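The next block holds one structure in the form of structure tokens; read it before the comments.
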Amino acid sequence: MSTPWSYRYAQRTQRVKSSAIRELLKLTQNPEVISLAGGLPAPEVFPTQKFREACEKVLKDHGPEALQYSSTEGYLPLREIIAQNTARYGILAQPENVLITSGSQQALDLIGKLLINRGDRLLVEAPTYLGALQAFTVYGADYVSVAVDQDGLCTDLLEEALRSGPKFMYVLPNFQNPGGVTLAEGRRHQLVLLADKYGIPIIEDDPYGQLRYEGEHLPPLVAVDRENLRRDNGYTLGNVIYLSTFSKTLAPGLRLAWIVAPAEVIRKLVQLKQGADLHTATFNQMVAYEVAKDGYLDEHVKLIRQVYRERRDAMLQALAEFFPPEVAWTHPQGGLFLWVTLPVGMDCHELLKAAVAENVAFVPGDAFYVTDDLEARRHFRLNFSYSKPDVIREGIRRLAIAVRQQMEALHFASARA
Ligand SMILES: Cc1ncc(COP(=O)(O)O)c(C=O)c1O
């Protein structure tokens with residue numbers, strides 16, 4: 001409905017739609033519904049006691065500083081700790097390369113503000129993180145997408161898309177949201193070399209990299225870029241902007257994340273962040289530093305890995321047990337999500353209606369694509385971090401009932417099994 005207000009909204013708001021995920025979460029607030037839809041960390045693993053102690057210490061030792069305005073770049077000891085931690089993964093950043101943001105979501109918004117002119121084309125994965133599309137679309141972005149398979153972004157399909165001159169590539173190399181897949185090492189090298197060849201920068205979004213439950217850690221694109229192209233001169237010449245967050249390793253309510261980029265890019269982002277929120281909450285940064293320091297964060301991440309591995313395995317086991325053989329799913333080596341593919345002819349929106357009737361919910365796959373492709377409606381995303389293993393098992397059992405009903409309606413033979 002048009003109201004006097006809707007005529008006043010700026011043009012940039014016209015393509016902004018309410019998030020399918022948020023709308024859906026509203027639907028599933030009914031306690032009867034098992035929601036495998038959201039992307040929430042398990043509340044049981046929040047280190048509440050540690051936070052209580054850290055809050056007290058910060059207020060006791062640095063009260064006035066913690067409650068005061070502070071620098072836009074972020075709390076220096078926290079940036080130092082981030083620089084030290086990321087060095088373990090070959091990301092050799094100095095504090096001047098690190099900007100603290102209010103969540104990675106703000107980082108995506110600031111990058112949009114920095115790089116996107118109306119009509120600029122961005123190269124994204126198909127499927128990709130919905131929140132990034134929301135952040136970039138406001139700035140007038142258009143998209144070209146490249147398929148993802150079991151080994152992440154299909155780099156063999158990349159060159160044609162790169163020739164269309166995208167402004168940047170947005171890539172999720174580890175346990176992709178929503179696909180749960182990881183970019184293979186060989187493809188990381190190809191991607192970085194192609195990006196360099198065509199002069200297209202990479203935005204590497206890595207919220208889940210530390211949450212690996214099996215296999216070896218793979219080098220981040222930002223490190224491959226430096227090593228392959230012998231950019232040993234710090235980050236002055238690097239072609240990758242790297243993002244990560246404390247949302248999945250400490251607590252999302254902190255709204256604390258960071259960008260690693262060449263110092264020149266950080267300086268420009270700082271100017272933009274000033275206009276957005278002056279700086280990220282001083283108190284939160286100081287508390288997070290207090291919690292993370294002296295190896296506590298590393299120990300805590302080990303605990304999270306253990307809990308989430310068990311939940312992932314519970315979901316994989318239940319899928320194998322209850323789902324018909326025509327349905328396929330990914331086997332994520334880490335992260336929070338797995339991705340289900342329905343047989344040709346099935347529609348995830350129809351399935352969602354049937355699933356909600358069975359009191360279970362997921363996110364329909366087409367929310368994560370930039371094109372209105374019917375193929376996208378064969379997929380959906382499941383989250384395994386939030387619910388306990390027995391709840392996951394029950395959720396998958398209910399979902400399997402809905403899947404079989406839909407298959408029967410479409411006359412698939414094995415649905416009656
Ligand atoms: C790929 C990806 N990027 C960014 C974010 C936003 O994270 P934050 O809580 O740091 O804003 C998420 C959150 O789920 C995500 O999955």
Side-chain angles (χ1 to χ4, degrees), residues 19-22 24-25 35-43 45-46 74 78 82 86 98-112 122 124-137 145 148 152-153 168-183 202-212 220-222 240-260 269 273 276-277 280-281 284-285 288 292 297 301 304 308 330 332 334-339 363 365 367-370 381-386:
S19 147
I21 295 185
R22 293 237 161 274
L24 203 123
L25 282 178
S35 179
L36 305 173
L40 305 187
V45 299
F46 293 152
L78 186 65
I82 289 169
T86 53
V98 179
L99 169 64
I100 304 287
T101 58
S102 304
S104 277
Q105 196 58 40
Q106 183 184 50
L108 293 168
D109 180 61
L110 293 177
I111 284 166
L122 312 182
V124 296
E125 298 173 313
T128 188
Y129 171 53
L130 173 63
L133 299 178
Q134 287 179 304
F136 299 151
T137 299
S145 60
V148 162
L153 184 68
F168 61 78
M169 287 188 249
Y170 171 68
V171 185
L172 302 140
N174 293 317
F175 331 121
Q176 201 234 27
N177 178 4
V181 293
T182 294
L183 188 63
I202 299 172
I203 310 301
E204 175 176 23
D205 192 1
D206 186 26
Y208 308 108
Q210 287 197 60
L211 302 183
R212 179 177 272 282
L221 300 174
V222 64
V240 182
I241 296 179
Y242 175 89
L243 319 181
S244 194
T245 178
F246 286 120
S247 285
K248 306 299 178 337
T249 53
L250 277 181
L254 282 173
R255 309 310 301 131
L256 277 184
W258 61 93
I259 302 177
V260 177
L269 285 167
K273 184 170 159 68
D277 65 354
T280 294
N284 292 12
Q285 294 186 65
L297 180 59
V301 168
I304 297 179
Y308 289 1
T330 54
L336 269 55
F337 306 106
L338 66 76
W339 186 242
V363 184
F368 304 99
Y369 287 82
V370 291
R381 189 192 75 178
L382 292 175
N383 166 267
F384 54 78
S385 58
Y386 182 69

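Since the structure is predicted, the reported quantities are computational estimates derived from the model, not experimental observations. Counting starts at 1 for both ligands and their atoms, in listed order.
Residues satisfying the side-chain hydrogen bond (donor to acceptor under 3.5 Å, both in side chains) test with Gln105, not counting sequence neighbours, are Tyr129. Taking the side-chain hydrogen bond (donor to acceptor under 3.5 Å, both in side chains) definition, one finds that Asp109 meets it with Tyr139, sequence neighbours left out. Every residue meeting the salt bridge (Lys or Arg N to Asp or Glu O under 4.0 Å) condition with Lys273, not counting sequence neighbours, appears here in chain and number order: Asp277.
Under a 3.5 Å cut-off, the side chain of Thr249 and the backbone N or O of Val301 do not form any donor-acceptor pair. With Glu204 contributing its side chain and Val222 its backbone, the two residues share a donor-acceptor pair below 3.5 Å.
Sorted by chain then number, the residues whose non-hydrogen atoms approach ligand 1 to under 4.0 Å are Gly103, Ser104, Gln105, Tyr129, Leu172, Asn177, Asp205, Pro207, Tyr208, Thr245, Ser247, Lys248, Arg255.
Nearest heavy atoms, Arg381 versus Pro178: CD-CB, 3.4 Å.
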